[in-house]
Amino acid sequence: MSAITVRLPDGSTKELDGDVSAGALARSIGSGLARAAVAAVVNGTEVDLSAELADGAEVSIVTAATPAGRDVIRHSTAHVLAQAVLRLWPGARYAIGPAIEDGFYYDFELPGGAHFSDDDLVRIDAAMREIIAEDQSFVRSEQSIDDALGVFVDQPFKREIIEAVRDGADEHDAAQSEDADRAISAYANGADFIDLCRGPHVPSTGRLGHFKLTRVAGAYWRGDEKRPQLQRIYGTAWESTKALAEYLNRLEQAERRDHRKLGAELDLFSFPEEIGPGLAIFHPKGGLLRKIIEDYSRQRHLDAGYQFVTSPHITKRELFDTSGHLVWFAEGMYPPMVLDEGQEYYLKPMNCPFHMLIFKSRQRSYRDMPQRYFEFGSVYRYERSGVVHGLTRVRGMTMDDAHLLCRRDQMHGELTRTLEFVLDMLRAFGLSEFYLELSTRPEGKAVGTDAEWREAESTLREVATASGLGLQDDPGGGAFYGPKISVQARDAIGRTHQLSTVQLDFQTPQRFDVAYIGADNGRHRPIMIHRALFGSVERFLAILLEHYAGNLPTWLMPEQFRVLPVRDDHHEYAAHVAAQLHQRGLRGTLDEASEPLGGRIRKAKLDKLPYVLVVGDDDVAHGTVGVNRRGGSDPERGVAVRALADEMDAQVAAHGAPETAAD
RNA sequence: GCCCGGGUAGCUCAAUGGCAGAGCACCCGCCUUGUAAGCGGGCGAUAGGGGUUCGACUCCCCUCCUGGGCUCCA
């Protein structure tokens with residue numbers, strides 16, 4: 001075997017003689033790298049460490065503690081999971097087992113239609129650890145389509161995948177099918193297990209072990225409800241015990257921020273069984289929080305030239321026939337009420353049809369344009385029973401909904417304005433990291449002409465690009481009536497949430513036959529922009545709660561201060577302090593000295609009060625308060641009431657940055 | 001809708017098929033408190049319905065509610 005020379009990422013070269021595998025390269029560079037290596041990238045393609053390198057190749061080593069390395073570990077762990085399940089359930093069929101964000105899953109069909117239970121996870125976990133202890137090698141093989149079909153003769157899901165590769169039906173596999181031999185690759189480890197797989201994998205199962213099976217779930221084959229439902233097992237896997245522990249800790253942190261938990265702890269809202277799933281009631285503090293959010297939003301909309309409108313919660317079916325909702329959105333709507341000799345009334349799932357009627361309520365001139373209608377409109381959607389989730393997926397919600405009708409020549413400007421307005425408002429609530437998504441024409445189920453779509457999409461793209469934010473494409477993700485930009489916001493623990501959407505619609509104005517009179521005295525069709533900023537008030541509130549871990553900035557906090565008199569003979573002064581702050585427009589209460597100060601302070605802290613104010617003898621004598629600030633180290637004694645009020649005013653005016661402390 | 005969990009007091013949790021308990025909250029007393037839990041007492045529950053059993057929180061069936069999952073592509 002002759003020596004070869006390969007090029008490394010830093011531009012240097014390395015000579016190999018004899019063993020010319022990627023693993024040998026790693027070893028020749030250093031033992032630390034060799035230990036960390038899980039795969040390699042050769043000329044841009046991921047390969048196993050056992051892959052032989054060609055002379056002149058550009059090679060980089062994939063190490064465990066990197067995104068690509070973790071994918072390899074997770075994918076390999078998924079194989080071990082499947083191997084364990086097949087050991088425990090002979091005759092089980094296995095479908096797919098990819099690496100996903102933070103983990104992996106594998107889908108199975110068990111013999112006799114059996115289902116996994118949580119107890120099974122323990123057994124499977126044990127079997128996996130045996131396989132890992134056996135340190136089996138992952139051995140790659142390549143074969144023709146026909147041979148592969150033979151290998152997986154008893155595995156209908158694998159056969160379906162192979163056939164999809166053969167037929168080139170699977171879009172993603174198109175690149176693979178361009179390979180000259182159209183070979184199918186598979187990995188075997190041990191004598192009893194082989195799985196269809198592109199790879200790469202770790203060299204052997206002994207490289208794995210920092211994993212945890214997390215839950216079992218049902219999942220439809222290829223995500224299609226009409227196909228068989230499979231049994232899915234989820235797990236997470238990492239490069240080290242430490243990384244695994246950190247991840248599990250992160251999950252706990254997220255759990256502590258869960259808005260459903262915080263909503264109960266802070267007495268904001270609840271979901272009484274008596275009302276039904278996905279239908280919340282807001283308690284006084286939650287109601288006040290909503291009012292604060294909504295009032296601020298209203299003021300901003302007023303300043304930005306929006307007009308306030310209101311529409312009813314139910315309407316005759318004809319309105320939704322006209323709008324197309326009963327064709328396109330019927331499954332998301334509650335069934336109708338039949339009133340007045342057969343007249344059907346529907347709860348509204350969206351506000352736009354009503355706003356169209358407001359536009360139509362009189363003749364409009366080109367001079368009237370744009371019309372910007374805004375409404376906190378409560379809508380009801382019949383979400384499937386399995387998908388409701390806290391305040392983020394509900395059956396009744398209030399959208400901060402706007403519909404802008406403008407002339408074609410105003411479209412670009414209105415969109416730019418709208419996007420700026422949206423981002424500015426989100427920033428005011430303490431969200432600052434955004435990217436945009438552009439959802440384009442859904443193939444096959446779109447209305448409107450090609451020219452209209454081209455114009456709409458290119459306009460949205462220009463506007464999105466001009467914002468300077470990152471832009472991701474979401475091909476085919478638009479609504480049937482037009483494309484949209486959605487604003488994705490990153491929260492304090494790095495999760496992204498789709499918040500606002502700005503949607504172009506040339507269909508609805510046509511359906512309602514709305515028009516304005518142009519300067520040419522002719523009828524012209526306006527362009528419509530749908531815009532939800534918070535999405536829904538409920539969901540936005542939930543995202544804020546989780547973003548701030550309940551420590552809402554002072555301006556949003558329903559209770560901004562609480563005055564605690566040390567003894568009951570300080571009550572009068574405490575009431576005086578509270579009244580002074582109330583006069584400055586600050587919100588707060590007085591907690592009388594019926595129990596010891598320490599206990600009252602603790603309660604106020606658990607309620608996440610930004611300002612806990614203690615008044616005693618010294619304060620009565622000098623007109624001061626003791627200030628215990630949220631997140632502050634030591635309380636400050638002897639603060640003048642006026643100075644405190646000024647500080648709080650400033651804090652409110654600044655809106656404040658998120659306090660990312662865990663709690 | 002479907003798959004796997006769960007449902008005990010307002011909240012967080014106990015209780016081999018054999019007397020349903022605790023802490024917090026709430027109410028009543030006592031205590032008069034200076035920066036994260038003062039003391040005593042009281043009120044209060046097996047989600048709903050059916051079944052098995054001498055006996056059911058516990059086992060079975062149905063309903064309701066609830067948590068996780070159902071595009072993340074060998």
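None of the values given here were measured: they were computed from a predicted structure. A, B, ... follow the sequence lines: proteins, then strands. Residue 1 opens every chain.
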For this session: Check whether any side-chain N or O of A:Arg567 sits under 4.0 Å from OP1 or OP2 of B:U33, and answer yes or no.
Result: yes
Seminar exercise, completed: Each base of RNA chain B marked ( ) or [ ] if paired in-strand (Watson-Crick or G-U under 3.5 Å), | if paired to another strand and . if unpaired gives (((((((..((((....[..)))).(((((.......)))))....(((((..]....))))))))))))....
For this session: State whether A:Tyr105 places a side-chain N or O below 4.0 Å from either non-bridging phosphate oxygen (OP1 or OP2) of B:C72.
Result: yes
For this session: Sorted by first residue and then second, give each salt bridge (Lys or Arg N to Asp or Glu O under 4.0 Å) pair with at least one member in residues 92-107 of chain A; sequence neighbours left out.
Result: A:Arg93-A:Glu109, A:Asp107-A:Arg232
Exercise. In terms of heavy-atom contacts, does NZ of A:Lys605 have more than 12 from other residues, nucleotides or ligands at under 6.0 Å?
Worked result: yes
For this session: Report yes if at least one side-chain N or O of A:Arg215 is closer than 4.0 Å to OP1 or OP2 of B:G5; otherwise report no.
Result: no
Exercise. So, for A:Phe104 and A:Tyr106, is the gap between ring centers shorter than 6.0 Å?
Worked result: no
Exercise. Does A:Arg495 come within less than 4.0 Å of A:Glu546, counting only side-chain N to carboxylate O?
Worked result: yes
Exercise. Checking all strands, does A:Ser594 fall into the base, sugar-phosphate, or nothing category for heavy-atom contacts under 4.0 angstrom?
Worked result: base
For this session: State whether A:Lys603 places a side-chain N or O below 4.0 Å from either non-bridging phosphate oxygen (OP1 or OP2) of B:A25.
Result: yes
Exercise. Is the CD atom of A:Glu331 crowded by more than 12 outside heavy atoms at less than 6.0 Å?
Worked result: yes
For this session: Identify whether any heavy atom of A:Pro98 sits under 4.0 Å from a base atom; if not, whether one sits that close to sugar-phosphate; answer base, sugar-phosphate or nothing.
Result: sugar-phosphate
Exercise. How many Å lie between CD on A:Glu595 and C1' on B:U33, as a whole number?
Worked result: 10 Å
Exercise. Taking only N and O in the side chain of A:Arg600, is any of them less than 4.0 Å away from OP1 or OP2 of B:G38?
Worked result: no
Exercise. OP1 or OP2 of B:C3 sitting under 4.0 Å from any side-chain N/O of A:His115?
Worked result: no
Exercise. Does a nitrogen or oxygen in the side chain of A:Tyr220 sit under 4.0 Å from OP1 or OP2 of B:G69?
Worked result: no
Exercise. In terms of side-chain heavy atoms of A:Glu273, which of B:G7, B:C4, B:C70 is nearest?
Worked result: B:G7
For this session: Would you indicate which nucleotide in B:G67, B:G69, B:U35 comes nearest to any side-chain atom of A:Arg637?
Result: B:U35
For this session: Using a heavy-atom cut-off of under 4.0 Å over every strand shown, decide if A:Gln231 touches base, sugar-phosphate, or nothing.
Result: sugar-phosphate
